[in-house]
Engineer: 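What follows is a single structure, and I will ask about it in a moment.
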Amino acid sequence: MNHIRPATEDDLCRITEIEIFNYRLNFYPIFRSDDFYFGDLQVLPRMASLRRLLDEFWVYDDGAVKGFMRVHGQELCKLFVEPVLQSQGIGAALLEHAVSVMNVHHLWALEKNTRAIAFYKRHGFHLTDQRRLEEGTSEYLVRMER
């Protein structure tokens with residue numbers, strides 16, 4: 001059964017919760033910015049900024065929204081799963097949908113996010129030689145392709 005569908009306005013709060021929890025869990029240890037992660041990164045303002053991109057979001061919904069991805073053209077821009085539900089195939093299902101249905105063939109991952117890079121490698125992506133600075137930081141993103 002396919003649990004992946006386009007996101008709706010009703011999903012915005014859940015998408016934002018999942019994103020913020022993942023950002024704090026996975027990226028705060030790298031960037032260590034209290035001002036951003038515990039000040040700027042709040043649900044209501046983040047929902048407002050995501051709303052304008054809603055048509056690029058897809059959710060994994062089997063009765064509850066457990067993960068989401070954002071796809072722009074052929075680029076996977078985001079893929080997050082509720083942290084307590086990771087390693088249950090939700091991310092894999094979202095990624096497979098992105099590749100097989102939406103023809104996604106590239107993404108950018110934070111170079112220090114080794115867990116994400118390993119996940120994408122297991123699903124047929126490989127690192128390229130392309131790197132770029134994450135905007136406003138001294139950390140690098142790496143391009144991965146299929």
Side-chain angles (χ1 to χ4, degrees), residues 1-31 33 36-37 40-83 85-146:
M1 175 179 265
N2 186 4
H3 299 293
I4 299 166
R5 62 169 175 77
T8 68
E9 179 79 20
D10 291 340
D11 299 318
L12 267 177
C13 187
R14 188 72 187 109
I15 288 168
T16 306
E17 280 182 328
I18 294 169
E19 182 186 69
I20 289 174
F21 195 12
N22 272 280
Y23 274 18
R24 288 178 179 158
L25 187 66
N26 297 309
F27 302 136
Y28 176 77
I30 296 169
F31 295 105
S33 173
F36 176 74
Y37 288 96
D40 297 340
L41 193 59
Q42 299 294 322
V43 173
L44 292 178
R46 189 68 186 144
M47 277 179 64
S49 67
L50 294 178
R51 182 172 282 113
R52 64 185 169 79
L53 301 169
L54 190 59
D55 63 337
E56 296 181 357
F57 281 85
W58 294 75
V59 295
Y60 182 99
D61 179 358
D62 64 357
V65 173
K66 296 180 176 176
F68 74 89
M69 65 181 168
R70 179 177 158 233
V71 175
H72 181 76
Q74 294 178 312
E75 179 179 352
L76 179 67
C77 301
K78 291 180 189 273
L79 190 154
F80 289 114
V81 173
E82 175 68 40
L85 301 173
Q86 290 178 359
S87 300
Q88 296 182 18
I90 296 167
L94 284 163
L95 187 57
E96 175 58 30
H97 184 87
V99 169
S100 65
V101 175
M102 306 173 81
N103 200 30
V104 163
H105 61 69
H106 70 278
L107 59 95
W108 291 88
L110 190 63
E111 188 172 45
K112 288 185 179 176
N113 192 352
T114 56
R115 186 170 181 224
I117 290 171
F119 168 78
Y120 293 123
K121 283 182 175 180
R122 284 193 308 274
H123 294 278
F125 285 80
H126 63 274
L127 288 167
T128 68
D129 292 335
Q130 290 183 277
R131 297 170 75 214
R132 70 178 189 212
L133 279 171
E134 172 67 86
E135 187 177 332
T137 77
S138 60
E139 298 296 335
Y140 281 92
L141 296 168
V142 291
R143 184 178 166 106
M144 299 185 76
E145 296 178 351
R146 271 185 70 87

Engineer: Please check if the number of heavy atoms outside R115 that lie under 6.0 Å from its CZ is greater than 12.
Structural biologist: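 Counting neighbours around CZ of R115, 12 or fewer heavy atoms of other residues, nucleotides or ligands fall under 6.0 Å, so no.
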Engineer: Could you walk me through whether H3 and D61 pass the side-chain contact (heavy atoms from CB on, under 4.5 Å) check?
Structural biologist: CA-CA 5 Å; H3 299 293; D61 179 358; 5.6 Å; no
Engineer: Identify which one of K66, R51, R5 satisfies the salt bridge (Lys or Arg N to Asp or Glu O under 4.0 Å) criterion when paired with D11.
Structural biologist: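 The residue from K66, R51, R5 that satisfies salt bridge (Lys or Arg N to Asp or Glu O under 4.0 Å) with D11 turns out to be R5.
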Engineer: Kindly say whether the aromatic ring centers of Y37 and F27 come within a distance under 6.0 Å.
Structural biologist: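 No, the ring centres sit 6.0 Å or more apart.
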Engineer: Indicate the atoms forming the closest heavy-atom contact of V43 with T16, along with that distance.
Structural biologist: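 Answer, listing the atom of V43 first, then T16: O-CG2, 3.6 Å.
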Engineer: Checking the side chain of T128 only, and the main-chain atoms of R143 only, is there a donor and an acceptor separated by less than 3.5 Å?
Structural biologist: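 Between the backbone of R143 and the side chain of T128 there is a qualifying donor-acceptor contact (under 3.5 Å).
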Engineer: Applying salt bridge (Lys or Arg N to Asp or Glu O under 4.0 Å), name anything that partners E17, two or more places apart in sequence or on another chain.
Structural biologist: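 With sequence neighbours excluded, E17 shows a salt bridge (Lys or Arg N to Asp or Glu O under 4.0 Å) to R14, given in chain and number order.
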Engineer: Roughly how far apart are L76 CG and L94 CG, rounded to 0.5 Å?
Structural biologist: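 Interatomic distance, L76 CG to L94 CG, rounded to 0.5 Å: 9.0 Å.
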Engineer: Out of curiosity, I30 CD1 to S138 OG, how far, rounded to the nearest 0.5 Å?
Structural biologist: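 Atom-to-atom, I30:CD1 and S138:OG are 11.0 Å apart.
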Engineer: Give the C-alpha distance, both sets of side-chain angles, the deciding distance and a yes or no for side-chain contact (heavy atoms from CB on, under 4.5 Å) between V104 and M69.
Structural biologist: CA-CA 11 Å; V104 163; M69 65 181 168; over 6 Å; no
Engineer: Which pair of non-hydrogen atoms, one from E139 and one from F31, has the smallest distance, and what is that distance?
Structural biologist: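 Heavy-atom minimum between the residues: CG-CE2, 3.3 Å.
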Engineer: How would you list, by chain and number, every residue that makes a side-chain hydrogen bond (donor to acceptor under 3.5 Å, both in side chains) with R146, sequence neighbours excluded?
Structural biologist: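 R146: no side-chain hydrogen bond (donor to acceptor under 3.5 Å, both in side chains) contacts found.
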Engineer: Does a side chain donor of either Q86 or N22 reach within less than 3.5 Å of an acceptor in the other side chain?
Structural biologist: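 There is such a pair between these side chains.
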Engineer: Please report the closest heavy-atom contact between G67 and I18, naming both atoms and the distance.
Structural biologist: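 The pair with the smallest heavy-atom distance is N-CD1, 3.9 Å.
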Engineer: Report the distance from atom CZ of F119 to atom CG of L79, rounding to the nearest 0.5 Å.
Structural biologist: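 With rounding to 0.5 Å, CZ (F119) is 5.5 Å from CG (L79).
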Engineer: Nearest 0.5 Å please: distance from the CZ atom of F125 over to the NE2 atom of H106.
Structural biologist: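 With rounding to 0.5 Å, CZ (F125) is 9.5 Å from NE2 (H106).
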Engineer: Quick check for you: to the nearest 0.5 Å, what is the distance between L44 atom CG and S49 atom OG?
Structural biologist: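 With rounding to 0.5 Å, CG (L44) is 11.0 Å from OG (S49).
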Engineer: So which heavy atom on A109 is nearest to which on I117, and how close?
Structural biologist: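 Smallest heavy-atom distance, with atoms named: CB-CG1, 4.0 Å.
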Engineer: Answer yes or no: are there more than 12 heavy-atom neighbours, outside K78 itself, under 6.0 Å from its atom NZ?
Structural biologist: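 Counting other residues, nucleotides and ligands, NZ of K78 exceeds 12 neighbours.
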Engineer: Roughly how far, to the nearest 0.5 Å, is NE2 of H72 from CG of D55?
Structural biologist: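 These two atoms lie 9.5 Å from each other.
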Engineer: With side-chain contact (heavy atoms from CB on, under 4.5 Å) as the criterion, how do L95 and Y120 come out once you've worked through the C-alpha distance, each side chain's angles and the decisive distance to 0.1 Å?
Structural biologist: CA-CA 9 Å; L95 187 57; Y120 293 123; 3.8 Å; yes
Engineer: Where does the angle between the aromatic ring planes of H97 and W58 fall among parallel (under 30°), tilted (30 to 60°) and perpendicular (over 60°)?
Structural biologist: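 Tilted.
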Engineer: Minimum heavy-atom separation for A93 and I4, please, with both atom names.
Structural biologist: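 So the minimum-distance heavy-atom pair works out to O-CD1, 3.2 Å.
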Engineer: List the atom of R46, the atom of Y23, and the distance in Å for their closest heavy-atom pair.
Structural biologist: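 Of all heavy-atom pairs spanning R46 and Y23, the closest is NH2-OH, 4.2 Å.
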Engineer: Just jot down the side-chain hydrogen bond (donor to acceptor under 3.5 Å, both in side chains) partners of R70, sequence neighbours excluded, or say none.
Structural biologist: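 side-chain hydrogen bond (donor to acceptor under 3.5 Å, both in side chains) check on R70 returns E56.
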Engineer: Looking at E145, is its backbone amide N or carbonyl O close enough to the side chain of H126 to form a donor-acceptor pair, meaning the two atoms are under 3.5 Å apart?
Structural biologist: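 Answer holds: yes.
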Engineer: What's the verdict on side-chain contact (heavy atoms from CB on, under 4.5 Å) for V65 and Y60, showing C-alpha distance, side-chain angles and the deciding distance?
Structural biologist: CA-CA 6 Å; V65 173; Y60 182 99; over 6 Å; no
